[in-house]
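These notes are about the structure you will find just below.
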Amino acid sequence: MWGLAARLLRAHGRARGTARSKQELFSTSSVLSKDKDKSTASKDSPPEGAAKRQEDGAETPKQQLLDIIGNMKVEVSYRKKLQQLKASEKKKQAINKLEGPDSEGSVPQGITEDTQRDKPLNPELVKAASAVASSLPRNKKQTESELLAQLRRHEETTDKQKKGGTINIRNVLSEMTVKRQSPAQWGARISSRISLQLDEDGQRIRPERSSAQSVDSRRSLKVGKRLNIFTKPSTEPEHALKTVSSPTIWDLEFAKEVAAVTAQPPRNGFEEMIQWTKEGILWEFPIDNEIGMEDDAEFHEHIFLEKHLEGFPKEGPIRHFMELVICGLSKNPYLSVKQKVEHIEWFQKYFEEKKELLQEI
Amino acid sequence: MFQDDPFLMPRNAANSRLYALSKESGRNAAKYIIKNFPQYFDKTFAEPNIPCLMPEILTPQTEGMSEEALRERIHLRMVKESVDMFDQLLQAGTPVSLETTNSLLDLLCFYGDGEPTPEKEQEEKEDLEEPGVNASEQKAPKRQFQRGSQSSGPRWRENNHAERIFKIMPEKNAYSYCTMIRGMVKHGAYSKAYDMYIDLVNERHKADVHTFNALIRAVPYLKERFVERWELTKDFLTHMAQQKVQPTLLTFNSVLKSLRRCGGVGRTMSLFVLKEMEALDIEPSLASYEHLLSVYYKGVDSQSSDIISEVLNEVENRSFTAQDPDDANFFTTAMQVCCDLKDIKLAYQLNKALEKGDNWKFLDVDRSNGYWSKFFSLLCMMEQIEVVLKWYKEMSSSLFYPTPKNILDLLQALDAANQLEMIPSVWEDFQIHIQLAFAKCAEEIKAVHEPAGPGQVPLEWTGSALGHVVVLFSRTGRTQDAWNMMENFQKINRIPTKALESIKWDGDSSDSDSDSSDSDRSCALP
């Protein structure tokens with residue numbers, strides 16, 4: 001497929017004498033379409049005025065080549081081949097038929113179905129239709145008959161409008177806006193009628209009967225009956241008593257599974273930092289020095305410990321000693337206030353006991 | 001997620017997965033070291049202490065044989081040790097209380113007689129890292145090959161520990177039956193679960209809501225025909241109503257899940273189920289909608305878009321929280337349906353729903369890639385080329401990595417719009433894919449040049465053709481193939497000139513494109 005695309009690109013740039021050799025390289029359907037186009041073109045030109053033919057003849061080989069190449073799109077799916085078949089054939093005839101110059105040289109636009117003119121179905125068309133039908137995987141007969149029926153329908157409407165004169169057609173066409181999407185939509189319509197099985201998604205199964213489909217299309221979420229199996233609980237006193245037991249392994253694992261559904265990895269550095277902060281790896285900003293420390297007391301209770309010295313004499317070596325003790329304690333960050341007070345009280349008790357000894361001295 | 005540098009960001013899905021896996025495997029290696037050598041990590045010098053980085057204490061503290069010790073081992077999820085201790089206690093004659101036995105049964109039924117593997121909560125942990133047989137429970141949803149199947153690794157063996165202990169229990173209460181049923185359903189022994197339920201009913205016990213949910217999930221495996229499956233589900237639901245067990249959201253989600261495998265019956269009944277949920281004031285979750293869409297849009301062509309438009313109308317105004325592990329599949333299923341219906345407006349509506357609130361979290365990396373890739377294919381098919389290119393520039397490398405199919409679609413869209421001249425602007429993303437495709441072409445051409453059958457004459461190599469093939473091979477890093485081709489030069493008496501350079505360049509740098517030209521001259525050796 002890539003080789004063909006590359007050749008397509010090169011073909012745009014090269015000289016045009018080699019249309020024939022190029023033809024051999026492309027797929028059969030595009031060959032068919034090209035043959036059809038040529039034959040319809042040749043057939044259509046006689047009924048038209050000579051002036052038109054001159055115009056066509058004046059279409060340079062370059063234009064023809066571009067048309068050919070424009071028709072020969074390499075596609076893989078059958079649906080697009082079909083729509084190419086139709087669109088290119090319609091386009092060719094529309095270009096030949098209308099005097100409007102703006103349709104020349106344009107890529108197949110959304111030209112409607114009403115432009116076919118041949119009275120009997122073109123044998124080339126029939127052959128092409130049967131070739132397409134035989135290449136489709138299922139329902140060959142049905143496909144072929146549907147294709148031919150569609151083509152016949154086009155003819156009938158065209159003839160009907162043609163009877164009203166060319167002016168009508170031009171009016172009709174001039175009022176229509178050219179949508180670029182209509183080939184796709186039309187292709188979709190064709191495909192829905194033919195109900196192709198596309199392998200592109202790889203997830204298709206056989207289509208069920210169409211009767212089921214028509215019933216479904218009238219369904220809605222809003223209207224409808226209910227099962228009428230359950231009733232709404234009016235009061236829920238029992239529920240409060242029930243789940244007091246600790247969560248079982250089933251509950252825990254289910255909760256984990258549900259949480260994993262929406263737990264996506266961080267999309268950027270900020271989210272990663274948020275996650276780390278939640279886990280405790282990163283500190284919270286603004287930084288708080290006292291995180292992790294439970295301390296009920298204020299700083300002044302740690303430092304200003306003189307008020308605990310009231311039980312000691314005001315002067316003397318003991319006081320001196322105790323002031324040093326207090327100085328040391330106030331610098332100690334590892335003890336709590338209670339512990340420090342206990343230290344001082346221990347000293348107080350100790351000196352009380354030794355008081356008798358001291359006084360003897 | 002990755003280093004935020006334009007040169008270091010991964011360019012395609014394979015690279016992105018590789019980087020994510022390598023990041024995860026580094027983390028796991030560190031955790032492994034800490035877990036297995038905790039003696040080297042006993043100093044806690046971080047203040048405040050960071051508990052999640054410290055080694056966990058996983059060995060049981062209580063020694064000896066007692067019910068306490070058994071309970072602790074159950075709590076630490078040591079399956080084999082718990083079973084051994086239980087047997088020892090029974091042999092020693094100490095009675096084990098019903099509650100402890102029930103929790104042991106819980107453990108056994110949950111792990112299905114296998115051992116729990118270390119848990120990984122990150123979603124990048126794909127198959128590469130721990131291909132153990134006993135897949136951990138978080139892996140189970142990822143490994144589902146069939147939708148709606150209970151895939152949990154080990155299957156329920158005949159007469160395994162759980163069954164054995166269940167049989168020898170002196171007294172059983174409703175909870176014992178319930179946990180056995182849940183374990184059997186989880187590990188695929190569906191008919192046994194049903195028999196156990198019959199036993200439960202015969203003993204006049206009441207099953208709890210989780211058991212009923214498990215039984216309803218097992219219904220598609222118990223009956224074959226659609227109508228029978230629905231009848232059985234309805235039976236279970238009626239039993240629930242009779243026993244005054246209130247259904248929850250999960251009950252109805254299980255019903256919808258079973259209805260997926262009930263064909264046309266499922267379609268009719270699923271709407272009734274939704275109405276029932278509404279009547280009971282239970283809000284459907286994303287999983288309910290996902291089951292509904294699967295029931296209705298299962299491979300039938302040209303379906304109407306009524307159901308999905310109603311679903312989208314309800315979904316797009318709500319910000320969902322995860323309530324069911326199946327919630328994660330909703331967005332991918334819905335996008336698939338939009339693609340099947342070829343409706344771009346629905347896809348836009350779905351995207352709007354994705355943007356609301358926290359809904360983006362339901363798409364993990366793999367699913368997100370699939371979702372956006374399908375959306376892009378739909379865009380290429382349905383929209384004009386300017387819109388397609390605008391989306392492409394926004395999406396590629398930020399939202400998703402274009403798959404080869406996306407690139408083909410984009411090229412087809414460009415082709416259809418006759419805008420092939422825009423290719424250079426999107427060229428650098430295509431390079432690697434195109435080079436791979438070209439290398440494949442080169443291989444086919446090589447096959448043509450070799451003698452194919454007994455009667456066929458191979459084509460002669462020309463110097464320039466051979467040189468081109470060598471260059472194409474070396475551009476995609478297939479240096480061995482390139483060297484093999486080089487040997488053919490000698491056979492045809494030609495000298496390669498630039499081909500050698502290109503091999504050298506591309507051997508050095510496998511990913512970057514080489515600038516050597518691909519023409520070489522051929523000259524005959526004297």
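Reminder, nothing fancy here: chain letters follow the sequence lines and each chain counts from 1. Just so it is clear, the model here is predicted, and its values are computed rather than measured. For the numbers below, each heavy atom of this structure counts, side chains included, while hydrogens, waters and symmetry mates do not.
No part of B:His75 comes within reach of chain A, as not one of its non-hydrogen atoms sits under 4.5 angstrom from that chain. Contact of B:Leu292 with chain A is made through the side chain alone, with heavy-atom distances under 4.5 Å. Only the side chain of B:Leu250 comes within less than 4.5 Å of a heavy atom in chain A; its backbone stays farther off. B:Leu237 touches chain A through backbone and side chain together, each having a heavy atom under 4.5 Å away. With a 4.5 Å cut-off on non-hydrogen atoms, B:Gln323 touches chain A through its backbone but not through its side chain. Only the side chain of A:Leu252 comes within contact range of chain B, judged by heavy atoms closer than 4.5 Å. Interface remark: B:Leu274 contributes side-chain atoms only to the contact with chain A (heavy atom separation under 4.5 Å). Only the side chain of B:Tyr175 comes within contact range of chain A, with heavy atoms under 4.5 Å apart. Interface remark: B:Asp106 contributes backbone and side-chain atoms alike to the contact with chain A (heavy atom separation under 4.5 Å). Proximity to chain A (any heavy atom under 4.5 Å) is shown, for B:Ser377, by neither the backbone nor the side chain.
With hydrogens and angles disregarded, no donor-acceptor distance shorter than 3.5 Å links the side chain of B:Tyr296 to the backbone of B:Ile308. Listed for the B:Asp415 side chain is no donor-acceptor partner under 3.5 Å among the backbone atoms of B:Leu411.
For residues 269-281 of chain A, the salt bridge (charged side-chain N to carboxylate O under 4.0 Å, His left out) pairs, not counting sequence neighbours, are A:Arg267-A:Glu271, A:Glu272-B:Lys23.
Shown here are the salt bridge (Lys or Arg N to Asp or Glu O under 4.0 Å) partners of B:Asp358, two or more places apart in sequence or in another chain: B:Lys361.
Taking the charged nitrogens against the carboxylate oxygens, B:Lys186 and A:Glu253 have no contact shorter than 4.0 Å, which rules out a salt bridge.
Looking at A:Ile281 and A:Gln275, their side chains never come closer than 4.5 Å, going by heavy atoms from C-beta outward. In this structure, the side chains of B:Leu107 and A:Ile249 come closer than 4.5 Å at one or more pairs of heavy atoms.
B:Phe362 CZ to B:Leu286 CG: the interatomic distance, rounded to the nearest 0.5 Å, is 5.0 Å.
Among the candidates B:Thr238, B:Asp327, B:Thr179, the residue making the largest number of heavy-atom pairs closer than 4.5 Å to chain A is B:Thr179. For chain A, the option among B:Thr321, B:Leu280, B:Asp324 with the highest count of heavy-atom pairs below 4.5 Å is B:Leu280. The residue among B:Glu276, B:Met240, B:Gln242 with the most heavy atom pairs within less than 4.5 Å of chain A is B:Glu276.
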Inset, instruction - Report the C-alpha distance between B:Asn213 and B:Arg182 in whole Å, list the side-chain angles of each, state the deciding distance to 0.1 Å, and finish with yes or no for side-chain hydrogen bond (donor to acceptor under 3.5 Å, both in side chains). - result: CA-CA 9 Å; B:Asn213 295 350; B:Arg182 283 169 89 174; over 6 Å; no
